[in-house]
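One structure is given below, encoded as structure tokens.
Note that these values count all heavy atoms, side chains included, but never hydrogens, waters or copies made by symmetry. Every value quoted in this text rests on a predicted model; they were computed, and no experiment measured them.
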Amino acid sequence: MLRLETILCTFSVLSVAVRARNCSEVREACIEKGFSFSNAPRQEITGDHLRVCPQGNTCCTPEMEDKFGQQSKQDFDNLADEMSHLLRSTFVSRHKRFDEFFLELLENTERSLNDMFVRTYGKPYMQNSEVFENLFAELKRYYTGGNVNLEEMLNDFWSRLLERMFMLLNSQYVITEDYLECISKYTDQLKPFGDVPRKLKAQVTRAFIAARTFVQGLSVGREVAQRVSKISSTPSCIRALTKMLYCPFCQAIPSVKPCKNYCLNVMKGCLANQADLDSEWNQYIDALLLVAQRLEGPFNIESVMEPIDVKISEAIMNMQDNSVQVSYRVFQGCGQPKPAEIIRSARGVSDVFNARFRPYSPEERPTTAAGTSLDRLVIDIKEKLKLFKKFWSTLPEAMCVEDRVIANNASDDECWNGHTKGRYFPEVQKDGLTNQVNNPEVSVDITRPDTLIRQQIMALRVMTNKLKNAYNGNDIYFQDTSDEGSGSGSGSGCTDVCPTSMSTTTPETPVVKADRSGPMDNSAPPCGHTAVLPTLLSLSVLALHLVWR
């Protein structure tokens, strides 16, 4: 028995002696990593001073452990930056490409319309070109985020065009501002431009809502990706990273990489808040894909804007063809205007407008915006967006890959488990903050969610709501609040999705007003108790409607 104890003691002394010689390998590994430790041990020393790595015989001094901690944070930040680079660069570049495309499309369309109308209509157009300039200025202002009600703006454009056309076609009369105001009241009845304004308003409105909201959506994704990828590491996370990445150096086994499940638990603990972004992020990506489908389908702004000059010219020609009937009905409603004092030449201005608009040829169309087409841009972005679903919840898996952090396809016993080279036994935790309560590697306070992450979750939620409304052709910034409840405002009404309290602006509560448009019918009930109940019921229904919205 005594002999056996002697043998064991001898082997123990020999083992310590052998391990003490391994610090030279650690010194070489540190030099390769860029560390310059002047007092690095040449052989193992007592590790009672270590605060993160396992104590016992070690090749690390307190200075080395501190440096390893700093480097661990830097390594983690660099890895997060590398893993999110494609995500961030994609949102930056695609937002820029779509934005440039839409702006250039507007410029090309305006230039094309101006060139063609100058050739076709000449001086009458040039004298009234500000009507069209204002149209494109308002479209651009809407697209770039201005507070423009598209439907009202388009209605105003057709009203202004009607006024100018009426004056040109009836230049032998004195047309006053009051008379023009009277004309505008008959616009809906007269339909001087045929059905073009109605069709064009529907097409332009939904196309611009989709285009603007989609670009805003890409902008939000860009900002969220850039902010969330800059991870704020907690002290507990840095300790866990140091233990995983550099404690093998202190144990004189610098070439041994962490076990995969060990790495996953560390990363899931460090990225717990980022994983909580995933649910809202996935809904946001789905909403972007839905609007992308609209952009290559019925809400294609390119197919709406490129022939807009032809459509407006068709409307002008329609009014010219029906100018006699239109003028007659206006005279009936607004009265006969006074003849102009100075007799015009026999050749009226309407003769100048007689030039018919030539059907355009494809080669006459403006150069494709931004050197591409909307269809190509949409196909590209759809492929990219699908890659980024579940990005934040799969980030730990993306980080814990071979040749980057973890050991190669070696035996489970040949990796660093946080204490020594051997198998890692704890189970891998699930994703998200609340699932880290029992994380064996990172101490996570599940009662304190990261403020920045919560802000990004709310930003995504708001944007998702806007995208879903845009998919339905609605703009939640312009909910109809008119007394008539006509729903004519851009974005009024709900189909599949209604705006929530997260909207940037809150619609005003409709005001119930008495009808004073004419004398009261004798058969109407007096304003007494009989009128109270219906009023109360109406207000109750209104209140319930607002609550459910």
Side-chain angles (χ1 to χ4, degrees), residues 80-81 83-103 142-148 207-232 273-295 299 301 374 377-378 380-393 395 449-478 491 497-506:
D81 184 77
M83 293 293 97
S84 62
H85 174 74
L86 179 61
L87 173 73
R88 290 180 288 112
S89 62
T90 297
F91 272 92
V92 168
S93 62
R94 295 320 186 267
H95 171 266
K96 185 173 183 290
R97 290 181 68 184
F98 271 93
D99 190 43
E100 288 177 348
F101 177 86
F102 291 138
L103 288 172
Y142 172 83
Y143 170 74
T144 54
N147 187 23
V148 177
F208 268 80
I209 289 172
R212 181 173 88 160
T213 308
F214 190 75
V215 170
Q216 288 177 345
L218 292 177
S219 176
V220 168
R222 177 192 64 189
E223 296 303 314
V224 169
Q226 288 178 339
R227 290 170 182 168
V228 176
S229 61
K230 290 179 172 57
I231 298 164
S232 178
N273 283 284
Q274 279 71 18
D276 280 350
L277 191 76
D278 216 47
S279 175
E280 208 64 53
W281 175 263
N282 292 338
Q283 293 183 54
Y284 154 78
I285 293 292
D286 286 338
L288 270 178
L289 288 169
L290 284 174
V291 177
Q293 290 176 12
R294 292 298 207 204
L295 287 176
F299 296 2
I301 191 173
L374 184 57
L377 286 177
V378 171
D380 169 74
I381 193 66
K382 284 169 64 178
E383 291 175 354
K384 296 292 190 299
L385 289 174
K386 290 173 184 176
L387 297 175
F388 298 134
K389 286 198 69 175
K390 299 184 178 180
F391 176 84
W392 303 106
S393 62
L395 193 52
D450 186 277
T451 304
L452 174 66
I453 300 296
R454 301 300 131 176
Q455 290 172 346
Q456 305 316 303
I457 288 174
M458 297 305 289
L460 289 172
R461 191 168 296 163
V462 172
M463 194 66 245
T464 300
N465 185 47
K466 289 183 65 179
L467 288 163
K468 288 180 178 178
N469 274 274
Y471 174 79
N472 293 319
N474 299 328
D475 190 339
I476 63 175
Y477 288 124
F478 294 112
V497 183
C498 291
T500 68
S501 58
M502 293 308 304
S503 303
T504 304
T505 57
T506 304

Name the orientation class of the two ring planes belonging to Phe388 and Phe91 (parallel below 30°, tilted from 30 to 60°, perpendicular beyond 60°). tilted

Spacing of CZ belonging to Phe299 relative to CD belonging to Gln293, to within rounding of 0.5 Å: 11.5 Å

Spacing of Gln283 atom CD and Leu288 atom CG [to the nearest 0.5 Å]: 12.5 Å

Answer whether the closest heavy-atom distance between the side chains of Ile453 and Val228 falls below 4.5 Å. yes

Between Asp278 and Lys389, does any side-chain N to carboxylate O distance fall below 4.0 Å? no

With side chain to side chain donor-acceptor pair (under 3.5 Å) as the test, would you mind laying out the steps for Arg222 and Ser219 before giving the verdict? CA-CA 5 Å; Arg222 177 192 64 189; Ser219 176; 3.2 Å; yes

Given Arg94 and Thr90, is the side chain to side chain donor-acceptor pair (under 3.5 Å) satisfied, shown in steps? CA-CA 6 Å; Arg94 295 320 186 267; Thr90 297; 5.3 Å; no

Please confirm whether Arg212 makes a cation-pi placement over Tyr143, using NZ or CZ under 6.0 Å from the six-membered ring centre and within 45° of the ring normal. no

How many angstroms lie between NE2 in His95 and CZ in Phe214, if you round to the nearest 0.5 Å? 10.5 Å

Find the distance between CD1 (Ile231) and CG (Leu395) and round it off to the nearest 0.5 Å. 6.0 Å

Across all chains, not counting sequence neighbours, the salt bridge (Lys or Arg N to Asp or Glu O under 4.0 Å) partners of Lys382 are Glu296

Spatial distance of atom CD1 (Ile457) from atom CG (Asp276) [nearest 0.5 Å]: 6.0 Å

When you look at Asn465 and Tyr284, which way does the side chain to side chain donor-acceptor pair (under 3.5 Å) test go after all the steps? CA-CA 9 Å; Asn465 185 47; Tyr284 154 78; over 6 Å; no

